[in-house]
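One structure is given here, and the rest of the page talks about it.
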Number of protein chains: 2
Amino acid sequence: MTDIYRAIADPIRRKILRMVSQKECTQSDIVASFSISQPAIKKHLAILLEEQLLLERRMGKFCYYRLNTPVFQQEYLQLQSELGLVLENKLAGLKHYLENLEEE
Amino acid sequence: MTDIYRAIADPIRRKILRMVSQKECTQSDIVASFSISQPAIKKHLAILLEEQLLLERRMGKFCYYRLNTPVFQQEYLQLQSELGLVLENKLAGLKHYLENLEEE
DNA sequence: TTTATATATAACCAAACGGTTATATGAAAT
DNA sequence: ATTTCATATAACCGTTTGGTTATATATAAA
């Protein structure tokens with residue numbers, strides 16, 4: 001369901017993740033940190049919410065966003081194990097190559 | 001220039017990265033591992049090449065692909081430090097909160 | 001030399017992305 | 001009650017993504 005790869009594909013969304021991880025932010029806090037329009041920010045927030053990496057809380061006319069830490073942590077761990085494999089494979093391939101230098 | 005986030009956004013491209021990290025593969029090896037068309041695979045390879053995560057080598061009618069390990073490693077490290085910040089921020093925020101429990 | 005195989009390219013398509021402007025809604029402050 | 005401010009939504013736009021089919025090209029094998 002959660003696609004962290006989609007969520008982090010855009011630099012604006014990565015910066016939003018960093019912002020809300022430090023401190024809960026209102027939408028206008030976030031809008032103020034970028035030079036794009038409020039609806040554009042809204043769409044980025046919608047993607048982050050859709051991928052469940054953000055939680056929102058309504059207080060009067062304000063909407064607060066914060067990191068959904070458990071989900072982010074879990075998804076990030078999975079990402080690391082998936083991409084980590086790429087480098088491990090490379091090392092395994094090299095190891096095999098070295099072990100069989102004389103035989104081939 | 002290299003945008004690893006773009007490169008890894010698609011699961012097919014992530015699988016290609018894993019494949020070529022184990023062993024140099026021809027394009028038809030790769031095509032055979034998926035159930036999409038050869039031109040579709042070609043486009044994924046084009047994106048991975050564009051982002052410099054793959055190297056290609058021509059041998060007669062075959063085209064071999066392999067991981068561009070130094071670039072992948074470097075970009076992956078940067079990704080980790082960028083995303084790692086998100087969790088570190090969260091911890092720092094929590095620390096600050098605990099330290100100031102009595103004052104607020 | 002014909003045939004088969006590997007790769008490349010073109011044309012097309014629908015859907016998603018990333019932005020815009022304009023406007024509506026809803027809550028708070030004057 | 002009216003204005004102000006935060007957020008939401010609609011309509012639009014150009015580009016990118018991710019796929020297709022059909023076809024061209026280039027090398028290798030029969």
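Naming: A, B, ... by sequence-line order, numbering from 1 per chain.
In this entry the distance linking OH of B:Tyr65 with C1' of C:dA8 reads 10 Å, nearest Å. For A:Arg6 and C:dG18, the CZ to P distance is 9 Å, given to the nearest whole Å. Put simply, CE on A:Met59 is 16 Å from C1' on C:dG26, counting in whole angstrom units. Taking atom OH of B:Tyr64 as the reference point, atom P of C:dT7 lies 9 Å away to the nearest angstrom. Across the protein-nucleic acid pair, B:Tyr5 atom OH and D:dT17 atom P stand 17 Å apart, rounded to whole Å. When the P atom of D:dG19 is taken as reference, atom CD of B:Gln38 falls 14 Å away, rounded to whole Å. If you take CG of B:Asp29 and P of C:dA6, they are 10 Å apart, rounded to a whole angstrom. When rounded to the nearest whole Å, the span between CD1 of A:Ile36 and C1' of C:dG18 equals 8 Å.
Using a 4.0 Å heavy-atom cutoff across all strands shown, B:Ser37 reaches at least one base atom of the nucleic acid.
The side-chain heavy atoms of B:Leu91 and B:Glu88, taken from C-beta on, include no pair separated by under 4.5 Å.
Under 4.0 angstrom from either OP1 or OP2 of C:dG18 there lies at least one side-chain N or O belonging to A:Arg13. Considering only side-chain N and O atoms, B:Arg58 lies nowhere under 4.0 angstrom from the phosphate OP1 or OP2 of C:dA6. Taking only side-chain nitrogens and oxygens, B:Lys42 comes nearer than 4.0 Å to OP1 or OP2 of C:dA8. Contact annotation: A:Ser28 reaches the phosphate of D:dT7 (side-chain N/O to OP1 or OP2, under 4.0 Å).
When each of B:His44 and A:Phe62 is assigned the nucleotide of DNA chain D with its nearest heavy atom, A:Phe62 is the one assigned upstream, toward the 5' end. The nearest heavy atom of DNA chain C to B:Glu56 and to A:Ile47 marks one nucleotide each, and the one closer to the 5' end goes with B:Glu56. Toward the 5′ end of DNA chain C lies the nearest nucleotide of B:Gln27, the other residue of the pair B:Gln27 and A:Ala9 mapping further downstream.
The aromatic rings of B:Phe72 and B:Tyr76 lie parallel to each other, their planes meeting at an angle below 30°, with 60° marking the opposite boundary.
A:Arg14 forms a cation-pi arrangement with B:Tyr5, by the criterion of a distance under 6.0 Å to the ring centre and an angle within 45° of the ring axis.
Nearest to the side chain of B:Lys43, among C:dT7, C:dA27, D:dG19, sits D:dG19. Residue A:Pro39 has its side chain nearest to C:dA22 when only C:dA10, C:dA22, D:dT27 are considered. Minimum atom distance to the side chain of B:Lys61 is reached by D:dA28, of the listed D:dG19, D:dG18, D:dA28.
Taking 4.0 Å as the cut-off between side-chain N and carboxylate O, A:Arg57 and A:Glu24 count as a salt-bridged pair.
A donor-acceptor pair under 3.5 Å is formed between the side chain of B:Arg13 and the backbone N or O of B:Ala7.
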